[in-house]
Every structure is written in structure tokens, then in C-alpha cells.
Amino acid sequence: MSGFVGILVSDPWLQNQFTQVELRSLKSHFTSMKRESGKLTVSDLASRMGKSKVVGDQNLSNEERATLIQNFHPNLNDEVDFEFYLRIYLNLQAHVNAIIGSGVKNSSAFLKAATTTLLHTISDSEKSSYVAHINNYLSGDEFLNKYLPINPSSNDLFEVAKDGVLLCKLINVAVPGTIDERAINTKSMLNPWERNENHTLCLNSAKAIGCTVVNIGTQDIIEGRRHLVLGVISQIIKIQLLADLNLKKTPQLVELVGDSKDVEELMSLPPEKILLRWMNFQLRKTEYKKTVTNFSSDVKDAEAYTNLLNVLAPEHKNPSHLAVKSSFERAKLVLEHADRMGCRRYLTAKDIVEGSPNLNLAFVAHIFQHRNGLSTQTKQISFLENLADDIQISREEKAFRFWINSFDGSLYINNVFEDLRDGWILLQTLDKVSPGIVNWKVASKPPIKLPFKKVENCNQVVKLGKQLKFSLVNIAGNDIVQGNKKLILAYLWQLMRYNILQLLKNLRLHSNGKEITDVDILEWANAKVRNNGCKTRMYSFRDKSLSDGIFFLELLSSVQPRSVNWSLVTNGVTDEEKKMNATYVISIARKLGCSIFLLPEDIIEVNQKMMLTLTASIMYWTLKQPLHLNKPIGSPDSHNGNLLDDSTSDSSIE
């Protein structure tokens, strides 16, 4: 389920300089640049804008671009927001126009040319590295064996990816168990319908593991649009490489911090920032005095790498490497050192000196996986011992985070509990779910230095929640500012639920314009299964019989008869059988086109919130089909109540 288009720019003057399509395109580029290291400063802009070719790369060198930016804004350490970035863009564009005398009359015409160039540009170095990664990790796959190894110097990757199988398999390498491979169509000759199913399964699963896929559709994969396909592959591989950068997978990371409060802060960081913190932790053991803040300009001279590898693998240390004057030669020595460690992968010396952020990130992440240099004796911190208690919170945080990130590319958060505390992204999400509801005149945009401004934003968040009839008992904006996990999750659940119900209501042909309730969803699902000749029934979204997954498979079969292969379904008696069915349910739903953010455990444990979202997603997909022949929902014989009463459910705020 996608959100609505919200306000990308609040400044009226800037709004008049661009069309909405252009703003979305630039917002996507800005988000990509910012995501490289978690933040974007003025000093980063020149190199990152040059790499993305947002402004004619053939007309401005990095040095010229950096000089112009510094003249416009001398304080290089200031963090860049989207509107500041647009102003920089317009200034650079004006300079380029003056140089080339192109006669471009407005920013729109120039932007169309610039973004067209951008959207069809790929990095051959990145493509080669990702092909090598695929060849390595999927070499033993029975189905793909006939296509591998892929030639990295060719465009064979995009041909192999066209049937969707490779992308699905790669997702399972990154996050094992995401896709039930029984749901992938793997015939030697797929018809268009089967191929489209694979693409839909792949894209919905990619969203579910944290990829941003708002600008790519099934047709893009079929046509082998290289920049889009490579973008998805890049994100999937990045998720795989950063998978160990958390305390659950690598408890030794506590060595980077002091007390339990610092541990909690560490857990809230995105994996890229944890990787940077680890790198600087190791560099402090050397004579290297700088702090590495990104995987681009800060590592170009290869000095940080030389010192890092000397600490991690002193047996291969050569003091003369630090005396080498040429950055390129030093980079080559770094890769030789990494090769002796058994972890030379993902980049060349040229990629290092050019500051390729994606490949440098991949290189450092691979080093961390191979040899992190942390103590094998895990500190006995009580916080770590309580990690098991946070599994449910962590699962819900991830679901809501991916849901917010799935809207239209203009929103991106790394951590629900940290990134929502100033209220701004919550206001943006509210505006997408209920367009026009936010009073932007009284909202403060980040960076927000004054604490009371954050409270004002969050007070409006609470006020709007009450306007939408959320259950918000004894909650104030300051509770969100303070990062109260339970309250934030409960608010987000009600916001997600409201979004689902509104999407269903907007299908007025079926709802007759009436409000859709949880009971309507329940009764719709039971009617579909009953009319398909099945006797199973869901009595509530807490019904423990749902744990075997059978009801949802029957529901999926009722809305798309060919979707379920019943020979693959188990009886759902043992825990293993239940998990197999639950995984199959999720994959089949995503294969049909349902955008859902739950895990097999949510079905097995009958998480009522996720049971509702799963059922509603299937209902939404079904009602959107052009040949749908169901009776209108909300008919006289249906209940007019709310099965998940917010005042009594465990998702309510009290």
C-alpha cells in the first residue's frame, strides 16, 4: 500500500522553480546522496553532485563546483537539507548556463536534460563488483547455475535478471528466509504472467527488507533498465553486507561504547554509522589523527585504510606503505594487504582514489565481516542480557520503519525511535495518509535546535491523531520527543491502520462511501473463504487457529485460484510446518501484489495487528482488480463495529 504525495518543499519560491515530477526526481537523488553516510554536509556536496551528474558533469570539475558552493555558503560543516540543496542546484545551474551559453530559459528544461542523463548512467565499477558478488554467493544455485558465472564486462546481468529469479534469490542471500522459494516461478520458459509475478514478488520483498523501490516497476525489470535494476541490486547487497552491524549479531560491538546508555544510542544508529564508529575506534589505536566521517572523500588518500589494516592484520604490516606519496600507489598497496588477509573484494585502487561511496562502504563492511578486531570476550552488560525482551519491539519498529520508507521516496528513516522525535517526519507521514491535514505554518523543519519547537511539532502530531480518532489517552507531544518506545509504536500502529482503512474506503465502488471497519475486513475474508467452498473461519484477528496459516492460504486461493500450490502446503501442526506455511502465505501475498511488512513469526504467534494488515492488504489488492465481482462491503448484513477496539487492544495508548 503506497502513500499519497505530500509536500516536498514548503518555500513557495522554490515550489515555482520546479514541477512536482522534477522535485520528486531531485528528492530521490538528494536522499541517495544523504544515505551514503547518514548525513550530508556542505563539504560533501561537490563530489556527490559530481558523481550523480545532477549538474552537467562535463561542464564543471569537482574543484569548480566546490569553489562555487563555498562562495555561496562558506561554512562547510553545516548540514544540508533538501531546500538548501535545491538552492545550491539553482546557483550551479545558472553558472553552467552562463558557461555554455545554451540559451536554456528555465530550470525545468535544464533539469529534464540533467536528470535524463542521470537516470541512464551506471557505474561500470559498481556493476562489475556486484556481478562478482552474485557469482560468488549464487554459484551453487541449481536454477541459476546455467547462467553463472556472469561476465562482469558485459550487460548479461540485466538479461539474466529479466525473469526475476536472480533478484529473488539475491534477496534470500541478503536476508535468508524472506522469500519462500517454492513461490518463485522457475520454469525454463515463463509466460508474461509468471514473469510479472516474479517481479512483483521481488519488489514487494525488497521493500520488506528495507530497500527503497518507489521508482521501479515490473516493466523496468522486463526491459532491463540498467540504472534501476542496478540500484535495486546495490541496495540488496548493501543490506547483506551490513547485516552483522548490530548488537544481536555482533555483541562484541559493545566494546565501542561505555555504559548502557551509550549502548542504547549505538543500537539506534543505522549500520553505516556503526561501521564508521567501528572504523574510527580501530584507527584510534594508530597514529592516524583524523576522524573518518564518510566512505568517499575521507578515504580517497588510502591513509585511513593503510592504518586500519595495520591494526587488524599486523602480520602483513609494512611501515613503508605510509611513506608512499601517491594516493593511487598507496591504494594499490592497501588492496594487496587486504588480499593477504583474504578480503580483497568490491573495489579497485581507482575506486578508492575516486571516492566511490558504495564500493568503499562494501569494502569496509567486508573487512568487518572477515576480521573486526573486537574482543572475543563480550562484556557482561545487563542491557545486552535484556535484548531478548526487545524482540517484539524490534520487529514492530522494523515493520513501521519500512512502511514509512515505502511511500514515495521523499521520506526515509533509519530508526523509528530516534528519527521521529522532532515530529517532522510524523507530520509528513500524516500528510501523506490524510492530505492537507497538517498546518505547515506552525510546523518547524529540521534541523531544530530549540527543544520547544520539537515539542510543538509533536503536540500537533498528537492533536491530529485525536482528530483522526486515535486512542491517545494521557499522551503529550513531549512523550514522543523523549522517545517513549511503547507510545511511538502504538501511535504508528493506529496511523498505519487508519491508512489501510482509508485506502479501502477510497474504493468507493465497493464501500458505497461508508467507513470501513475491522469487522468489515473480517467478514469479507470469511465470506471469500466460505464462497470458495472452504469450512475454515477466522473468528477474530486474535484467533489462535490462524497460526497454522491455512486460513490465509485459503483466502489467497479464493481471490486468485492459481496462486496456491496445495501440494506444497503442510498440515500446520508442528512449529516447523507452521513456519513453512507462514512463509508461503507471505510470499504468495507479495507475489500477487500485496505490500506487507510482517514476518512468519507474526502469523505463527497470531500478532493481531499484523493479522489485520495482512487481511486488509489482500482485500485491497482484490478490490482493485478490474474484474472483481464481489458484493459491496458494508452491506446491511455486515456488522458495523470495530473488532480491534483501540481502547481495549494492546496497541492502544493509555
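Model, not experiment: these values are computed from the prediction.
For the residue pair Ser394 and Lys248, the shortest heavy atom distance occurs at OG-NZ, 3.2 Å. Between Leu309 and Ala338 the shortest heavy-atom distance is CD1-N, 3.9 Å. Summarising the geometry of Ala208 relative to Arg590, their closest heavy-atom pair is CB-NH2, 3.1 Å, with the distance given to 0.1 Å.
Judged by distance alone, the side chain of Asp298 and the main-chain N or O of Thr293 form a donor-acceptor pair under 3.5 Å. At distances below 3.5 Å, not a single donor-acceptor pair connects side-chain atoms of Arg330 with backbone N or O atoms of Thr306. Side-chain atoms of Asp244 never come within 3.5 Å of backbone atoms of Lys249 as a donor-acceptor pair (strictly under, hydrogens ignored). In terms of modelled atom types and a separation under 3.5 Å, the side chain of Asp124 and the main chain of Ser153 share no donor-acceptor contact. Distance alone, capped at 3.5 Å, is enough to place a donor-acceptor pair between the Asn405 side chain and the Ile413 backbone. Between the side chain of Thr250 and the backbone N or O of Leu247 there is no donor-acceptor pair closer than 3.5 Å. Side chain of Ser205 to backbone of Cys202: no donor-acceptor contact under 3.5 angstrom is found. No donor-acceptor pair closer than 3.5 Å links the side chain of Asn414 to the backbone N or O of Pro270.
Under 4.0 Å is where a charged nitrogen must lie from a carboxylate oxygen, and between Asp422 and Lys454 no such pair does. The pair Glu272-Lys238 meets the salt-bridge criterion, since a charged nitrogen lies less than 4.0 angstrom from a carboxylate oxygen. Between Lys332 and Glu336 there is no salt bridge, since no side-chain N of the basic residue sits under 4.0 Å from a carboxylate O of the acidic one. The pair Glu315-Arg371 meets the salt-bridge criterion, since a charged nitrogen lies less than 4.0 angstrom from a carboxylate oxygen. Ion pairing between a basic and an acidic side chain is recognised when a charged N comes within 4.0 Å of a carboxylate O; Lys445 and Glu83 show such pairing.
In this structure, Lys350 places its NZ atom where only 12 or fewer heavy-atom neighbours from other residues, nucleotides or ligands lie under 6.0 Å away. Around atom NZ of Lys162, more than 12 heavy atoms belonging to other residues, nucleotides or ligands sit under 6.0 Å away.
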Could you walk me through whether Glu181 and Lys169 satisfy the salt bridge (Lys or Arg N to Asp or Glu O under 4.0 Å) test, starting with their C-alpha distance in whole Å, then the side-chain angles of each, then the deciding distance to 0.1 Å, before giving a yes or no?
CA-CA 8 Å; Glu181 297 201 1; Lys169 301 271 189 176; 2.9 Å; yes
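No side-chain N or O of Asp419 forms a donor-acceptor pair with one of Tyr412 less than 3.5 Å apart. For the residue pair Gln252 and Asn372, no side-chain donor N or O sits within less than 3.5 Å of a side-chain acceptor on the partner. For the residue pair Ser139/Asn136, the side-chain donor-acceptor check at 3.5 Å is not satisfied. In summary, the side chains of Ser43 and Thr41 do present a donor paired with an acceptor at a separation below 3.5 Å, with no hydrogens or angles considered. Between the side chains of Ser296 and Asn294, no donor-acceptor pair is found at a separation under 3.5 Å.
In this structure, His316 and His337 have perpendicular ring planes: the angle between them is above 60°, well past the 30° mark. Using cut-offs of 30° and 60° for the angle between ring planes, the His133 and Tyr346 rings count as tilted. Using cut-offs of 30° and 60° on the angle between ring planes, the pair Phe368 and Trp278 is perpendicular.
Inter-residue side-chain proximity for Leu308 and Glu303 is flagged as unmet; no heavy-atom pair is nearer than 4.5 Å. By the 4.5 Å heavy-atom criterion applied to side chains, Asn204 and Ile596 are not counted as neighbours.
Close placement of the Phe363 and Tyr305 rings is indicated, their centers lying within 6.0 Å of each other.
When the salt bridge (charged side-chain N to carboxylate O under 4.0 Å, His left out) test is applied to Asp351, no partner is found at least two apart in sequence or on another chain.
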